Amino acid sequence: MSGLLEVIDVHRTYQIGDSTVQALRGVSVTIERGEFVAIMGPSGSGKSSLLQILGLLDNPDSGEYRILGQNVNTLSEDEQAGLRNNVAGFVFQQFHLLKRMNIVDNVRLPYIYSGIKGHFRKEAIARLAQVGLEKRIDHTPNQLSGGEQQRVAIARALVRDPLIIFADEPTGNLDSKNSAEIMKILKGLNEEGKTVIMVTHENEIAAYAGRVITMRDGVIVSDERRPGAALSAAVSGDMSFDAHAARNVAIWQDGRYSVFMAQAFQAILANKMRSFLSVLGILVGVASVIAMMALGEGAKASMEEQLKSMGSNMLSVRAGSAKIRGAAQGAGAVARFTFPDVDEIASRRDLVKNAAGVVNGAGRIVYGNKNWSTSLSGVGYDYGTMRAVTPTVGRWFTREEIQQREKVAIIGVTVVKQLFDNTNPIGKTIKINRINFTVIGIAPAKGFSGQQDEDDVAIIPVTTAMYRVLGRTYLSGIFVEVTSPGLIGQAKDIISSQIRKRHRLKADDDSFNIRDMTEIQQMLSSTTETMSLLLGAIAAISLVVGGIGIMNIMLVSVTERTREIGLRKAIGACRNDIMLQFLVESVSMTISGGFIGIVLGVGISLILSFFAGWAVKTSIISIVLATVFSAMTGMFFGLWPARKAAELKPVEALRYE
Ligand code: ADP
Ligand code: MG
């Protein structure tokens with residue numbers, strides 16, 4: 001006849017450093033269904049070792065163990081966990097209740113690992129009523145006496161309605177009155193049909209059992225059934241159990257995931273200060289990234305705005321090679337543009353909206369006793385609208401003024417500041433390169449473009465500049481406004497071939513170049529790209545640093561909760577359950593750090609734009625990225641601690657002090 005539990009010649013040795021302890025040295029025993037067995041013997045005789053093997057918390061080094069007819073050697077770690085969850089209930093000397101949770105949550109804990117959906121609050125309360133604690137359901141373990149705590153532990157052991165109750169010195173920490181109560185409960189359970197296997201070294205406690213096995217030095221020295229102690233009457237029914245099938249529920253299918261979430265928040269909130277400090281790294285990292293990205297985006301947007309105002313369908317044809325911009329390279333190397341060139345370009349009405357010749361030079365301006373050197377531009381009529389320099393104060397040149405080589409000037413605000421001390425310059429006479437000019441307008445302020453002050457200019461008619469001031473017969477370049485930005489490329493090609501034809505240039509001649517704003521745009525966007533890259537690097541570093549902080553705290557947390565992990569494994573948690581629990585915890589921490597960081601980052605950028613007047617633009621992408629990355633940080637840095645937790649052996653974890 002094969003029993004409920006059957007141990008054959010089991011050995012178990014422990015290795016502590018160099019020495020080995022032989023805890024079990026060939027133990028064979030069979031336990032029938034419905035028995036109440038007490039395992040007795042002096043301290044260190046191997047009682048607990050045997051009970052742990054019987055309860056699947058530990059596996060023998062050699063020998064065979066059959067539970068419910070199944071050879072334990074063929075079961076995987078997780079299958080054993082499933083068996084524990086379904087057929088075993090544990091009661092320990094130290095109770096092993098989870099202090100953070102109230103007693104209802106403690107009692108229903110085994111259900112999380114059962115693969116069955118539901119809340120099981122009713123079941124938990126029913127079990128608590130069975131041990132006389134129905135009035136204490138809102139209490140936490142710390143608010144209960146030792147005896148009451150042990151009764152909660154018994155309720156937890158019973159909640160999955162197990163076949164077998166394993167109890168290791170269940171009354172070891174209790175006074176005699178509480179001990180008697182606990183023993184009465186166990187006795188009652190046995191009478192209802194549960195198999196009870198209990199370790200004790202006290203005779204009064206063993207007296208409740210119907211069978212006493214005595215151990216000494218790792219072997220059984222006596223095994224007595226008490227006269228008159230019958231097997232429990234309630235023994236009946238099917239006692240087969242397929243451990244392989246019981247483990248086939250995917251973690252996501254039952255309600256486990258949401259329970260882990262809830263427990264993660266419980267654990268995080270149980271250590272508020274510590275959790276906050278550990279997410280601080282993530283928080284600061286995410287906040288600064290959001291704020292910096294907002295600043296970067298703002299800068300980029302305002303730059304693009306400026307570019308747009310300059311016209312994105314603008315071409316600039318300059319003499320000289322592209323490498324040496326506008327500078328002469330000696331005779332023959334520079335195309336000499338004249339007004340017929342401008343006219344020819346302007347004649348392509350299908351592509352060209354406007355064309356204006358410009359000549360650039362240096363200008364020395366004198367007004368009263370002040371003088372100022374600035375850059376001088378001689379421009380055509382259409383230049384004003386094309387480059388958006390039509391004055392808002394004063395006026396633009398007339399066509400006649402340009403034709404007649406009139407001595408009228410429009411000056412930039414920097415020049416106004418330098419020469420006029422901010423008094424109105426309109427109508428005043430200034431000298432440009434010793435020639436008298438009348439100021440007719442102030443060019444709209446443009447600010448800086450890189451190092452260059454765009455407002456440090458004097459603009460005069462192109463004819464005046466060429467023939468009266470600079471003494472040149474050639475233009476420095478031609479500005480072309482293409483009818484639409486999409487035609488830029490085509491216009492470039494046409495204009496280029498026009499010029500080559502007129503000037504009889506070879507195809508590879510580089511005596512002129514045509515630039516468009518897209519080039520400048522590309523240059524600027526490559527600058528902002530570098531900036532984004534830099535910000536990205538800072539983000540990565542801060543997230544790594546934050547992640548290390550999280551990992552550190554999770555390792556502490558795993559160590560601190562070793563016994564909790566042991567208990568969870570004892571009641572049926574498999575490796576993935578433990579792993580997931582800690583991963584959910586670290587990811588919750590990093591995500592909440594990320595969220596606070598986002599709020600803070602957005603707040604900082606708003607404050608910067610409000611008080612410092614900086615252009616900011618918070619992008620959805622940066623928020624999404626921050627969230628994703630902080631979650632990934634939690635995942636990555638939580639993995640190792642979570643694995644460490646998952647790999648703990650139930651017995652060792654439970655013994656951890
Ligand atoms: P009992 O429960 O009868 O007091 P145990 O089964 O706990 O005895 O232990 C039997 C022997 O094995 C003791 O000498 C004990 O020190 C040793 N032992 C038990 N568990 C471990 C362990 N995890 N590591 C090392 N030695 C252990
Ligand atoms: Mg013991």
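Note that the structure is predicted; figures quoted are calculated from it, not measured. One-based numbering, in listed order, for ligands and for the atoms of each.
Closest to atom 10 (C) of ligand 1, if we only count protein heavy atoms, is G44 O, 3.6 Å. Counting only heavy atoms of the protein, atom 9 (O) of ligand 1 lies nearest to S49 OG, 3.8 Å. In terms of protein heavy-atom proximity, atom 27 (C) of ligand 1 is closest to Y14 CD1, 3.3 Å. For atom 2 (O) of ligand 1, the closest non-hydrogen atom on the protein side is S48 OG, 2.7 Å. Of all protein heavy atoms, the one closest to atom 14 (O) of ligand 1 is V21 CG1, 3.5 Å.
The closest side-chain donor-acceptor pair between N173 and Q93 falls under 3.5 angstrom. For E148 and S145, the side-chain atoms include at least one donor-acceptor pair closer than 3.5 Å.
Considering backbone and side-chain atoms alike, G46 places an N or O below 3.5 Å from some N or O of ligand 1. Ligand 1 has a nitrogen or oxygen under 3.5 angstrom from a nitrogen or oxygen of R655.
Relative orientation of the F90 and F92 rings is parallel, given thresholds of 30° and 60° on the angle between their planes.
The protein does not reach atom 16 (O) of ligand 1 closely, with no heavy atom under 4.0 angstrom from it.
Against a heavy-atom cut-off of under 4.0 Å, A23 is close to the following atoms of ligand 1: 10 (C), 11 (C), 12 (O). In the vicinity of S43, heavy-atom distances shorter than 4.0 Å reach the ligand 1 atoms 4 (O). Within ligand 1, counting atoms from 1 as listed, the ones closer than 4.0 Å to a heavy atom of I16 are 25 (C), 26 (N).
Side-chain atoms of M632 and V628, non-hydrogen and from C-beta on, do get closer than 4.5 Å to each other.
How far CD of Q52 is from CZ of F166: 11.0 Å, rounded to the nearest 0.5 Å.
Taking the ring centre of Y111 as origin, the terminal cationic atom of R160 falls inside the region bounded by 6.0 Å and 45° from the ring axis.
Using a cut-off of 2.8 Å, one finds that S48 contributes an N/O/S atom close to the Mg ion (ligand 2).
Within the 4.0 Å heavy-atom shell around ligand 1 one does not find G41.
Of the options R100, K569, K99, a salt bridge (Lys or Arg N to Asp or Glu O under 4.0 Å) to E564 is made by R100 and by none of the others.
Dense packing is recorded around CZ of R274, with more than 12 heavy atoms of other residues, nucleotides or ligands lying under 6.0 Å away. More than 12 heavy-atom neighbours from other residues, nucleotides or ligands sit within 6.0 angstrom of CG on L269.
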